[in-house]
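Start at 1 and go down the list; that is how both ligands and their atoms are numbered.
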Amino acid sequence: MQNRSVATQPFDDQKPGTSGLRKKTRVFQQPNYLENFVQAIFDSLENITGQTLVLGGDGRYFNRIAIQTIIKMAAANGFGKVIIGQGGLLSTPAASHIIRKNQAYGGLVLSASHNPGGPDEDFGIKYNVSNGGPAPEKYTDAFYQRSQTISEYRIADLADVDLDTVGEQGSDGFSIEIIDPVSDYAELMQELFDFQRIRDVIGSGAITLRFDAMHAITGPYAKRIFEDLLGAAPGSVINATPLEDFGGGHPDPNLAHARELADTMFGPDAPTFGAASDGDGDRNMILGKNFFVTPSDSLAVLAANAQLIPAFKDGLPGVARSMPTSQAVDRVAKDYGMPCYETPTGWKYFGNLLDAGKIALCGEESFGTGADHVREKDGLWAVLFWLNLLAVKGEPVSNIVHEHWRKFGRDIYSRHDYEAVATDIANGIFDHLREQLPDLPGQTLDGNRVKYADEFSYQDPIDGSISRNQGIRIGFENGSRIVFRLSGTGTVGATLRIYLERYETDTDKHDQDAQQALAGMIELAKQLCEVKKRTGMGTPTVIT
Ligand code: VG1
Ligand code: CO
């Protein structure tokens, strides 16, 4: 095996965002672009010689080509072994599990998650560390720094690898193992949940299921788990074949993008349970017959009922949520006498808490829920958790959530996104918001007194590291909140996210439409950030 060094020059835009580096596919296809970033990662890691790297992606356009390049670079940089999902496929949570199970040094996951794929759409790459979780900020900062000074990358003259045949190949102290991407993950799920019980209830017809894989990575996983292992009717998993362009859609499991599933679940012959996942399989959307569960509520319901599933029969040590996620789970934690941590947006901030055993369950408002079994959010895991709950409780989804609201109150919640805003305009909006912060506390706005107005900073309780500028929060004395953030996963301009929540204890008002219930706060938020005046956009591009 011959190694070569290739001269290159830095690209100035290789700064990882909320979850890895995401760019238009054509940006990644530029000569040396992918190579530079991968070399910057390898250069930032210590003692990789002879170590194992896990590699896979969500199957989007450019996945296979990128995988061949990375194999050759891993060889030239001294890795001893690369474990790859067959066909170059691995869901994000499965990659996390495989890193942990094989005690690998780390892994590279090729995905832009819920962003669309194809030659004119998005591609992405993220590095996960040895605990299976997304690289913490100190790593991603180092990758970026290195990318700014890089002058060469190393690559081996190897023939392209057959990615489609399971087995081990290689020599010269460098081997490649192609594994079935589903088996290990399916095995883990069977350890965590009561498969026999779920299977029995599905067999009795009491649960009918529709899962939308959105032409993305979870298709093969969901087929195996729901149809083969749990006995759901053939065809329960729809859009089950991963496609390079996800069938032209956004593989984003929400009511706006998973329309086919939403129409079924709100239609006349709806099954009792519906769910969907995203491009790389780490998000989940949960639906009952005629009923949508917000991700923030889902996290709270799972926390309140955790002891009903085998994995958590002894209870939870604590829980965590990202800052913009609603406070519904806080109420459960308080009632159960367990700690609840508030972290910045992005799964990388949960890793230390999970490793330290401070929490076992965590989630985000952006359709992400997960636990201590891996170090990524996990879409199918969340769906199985709900199925296990439905099997034990024998009640429909909407009853479970209504019962939860009766006990804890409802945190009425919505997120409004304004996409593709020019970057300077978006920055202007934040400057304008920052200027107002000192004067807001004590003012009465939309009938509520402002309790605090600040910019969220987080100090990690385990390693003490501080993350600043994680979103602007305006909290009211009645518990309501408005949060403003800029997205860190987009590839065109900036996306302004406005998160709104209001707490409602009156049971008679629990069935209100969220947009109506939040109408006053929505107007107030728009005024505070002057979104219409500054962007010309009168309404959000996506509401979830
Ligand atoms: C978004 C979500 C965030 C999530 C991130 C990655 O980030 O808001 O909660 O962790 O996507 O999810 P941002 O910076 O655009 O708001 V995924 O499934 O795209 O890896
Ligand atoms: Co994702």
Side-chain angles (χ1 to χ4, degrees), residues 15-22 56-60 90-96 109-117 121-128 133-135 137 140 213-214 216-218 221 246 250-254 257-258 276-285 294-296 299 320-326 342-351 362-370 374-382 413 415-421 426 456 467 469-472 483-499 541-542 544:
K15 194 172 173 51
T18 312
S19 176
L21 183 69
R22 294 186 194 177
D58 63 11
R60 70 181 61 220
L90 278 180
S91 79
T92 285
S96 183
V109 181
L110 308 179
S111 171
S113 190
H114 58 285
N115 299 13
E121 298 295 350
D122 293 353
F123 191 77
I125 175 167
K126 57 184 172 175
Y127 179 71
N128 283 26
E137 254 179 327
T140 53
M214 304 192 81
I217 190 69
T218 49
Y221 293 83
F246 308 116
H250 285 242
D252 195 355
N254 57 41
H257 293 304
S277 190
D278 70 333
D280 62 332
D282 56 0
R283 296 187 177 203
N284 72 91
M285 173 168 70
T294 70
S296 296
L299 175 64
R321 62 164 170 83
S322 67
M323 184 273 282
T325 302
S326 96
E342 184 179 41
T343 58
T345 295
W347 211 259
K348 55 180 174 270
Y349 298 102
F350 294 129
C362 45
E364 297 192 274
E365 53 65 42
S366 54
F367 299 81
T369 332
V374 291
R375 291 294 179 275
E376 288 276 9
K377 56 189 187 269
D378 191 343
L380 289 175
W381 169 90
Y413 190 85
R415 181 175 108 183
H416 287 203
D417 292 339
Y418 293 80
E419 297 170 308
V421 176
F456 182 57
S467 306
N469 303 335
Q470 297 294 329
I472 286 179
V483 173
F484 299 90
R485 255 189 86 248
L486 285 180
S487 159
T489 57
T491 57
V492 185
T495 293
L496 167 67
R497 304 203 193 286
I498 306 180
Y499 309 80
T541 42
V542 180
T544 50

State the atom name: nearest N, O or S atom of D278 to the Co ion (ligand 2).
OD2
I'd like to know whether ligand 1 has R22 as a neighbour, heavy-atom separation below 4.0 Å.
yes
For the residue pair Y413 and Y499, does the interplanar ring angle fall in the parallel (under 30°), tilted (30 to 60°) or perpendicular (over 60°) class?
tilted
So does T92 have any N/O/S atom less than 2.8 Å away from the Co ion (ligand 2)?
no
Polar side chain donor-acceptor pair, T92 to K126, under 3.5 angstrom:
yes
What's the atom name of the N, O or S in D282 nearest to the Co ion (ligand 2)?
OD1
Does only the side chain of T489 get under 4.0 Å from ligand 1, or the backbone, or both, or neither? Count heavy atoms.
both
Examine the proximity of ligand 1 to R415 and report which part, side chain or backbone, both or neither, has a heavy atom under 4.0 Å away.
side chain
I217 side, atom CD1; D282 side, atom CG - distance, nearest 0.5 Å:
11.0 Å
Of all the atoms in ligand 1, which lie at a distance below 4.0 Å from a heavy atom belonging to R485?
13 (P), 14 (O), 16 (O)
Proximal ligand 1 atoms for S19, defined as those under 4.0 Å from one of its heavy atoms
6 (C), 20 (O)
Would you say the side-chain atoms of N254 and T544 include a donor-acceptor pair closer than 3.5 Å?
no
Taking only heavy atoms of T18, which atoms of ligand 1 are found under 4.0 Å from at least one of them?
5 (C), 7 (O), 13 (P), 14 (O)
Ligand 1 contact on S487 by region, counting heavy-atom pairs under 4.0 Å
both
For ligand 1, which atoms have a heavy atom of D278 less than 4.0 angstrom away?
18 (O)
Measure the distances from the heavy atoms of G368 to every atom of ligand 1 and state whether one is below 4.0 angstrom.
no
Among all the protein's non-hydrogen atoms, which is closest to atom 12 (O) of ligand 1, and how far away is it?
K377 NZ, 2.8 Å
Any M323 heavy atom less than 4.0 Å to ligand 1:
no
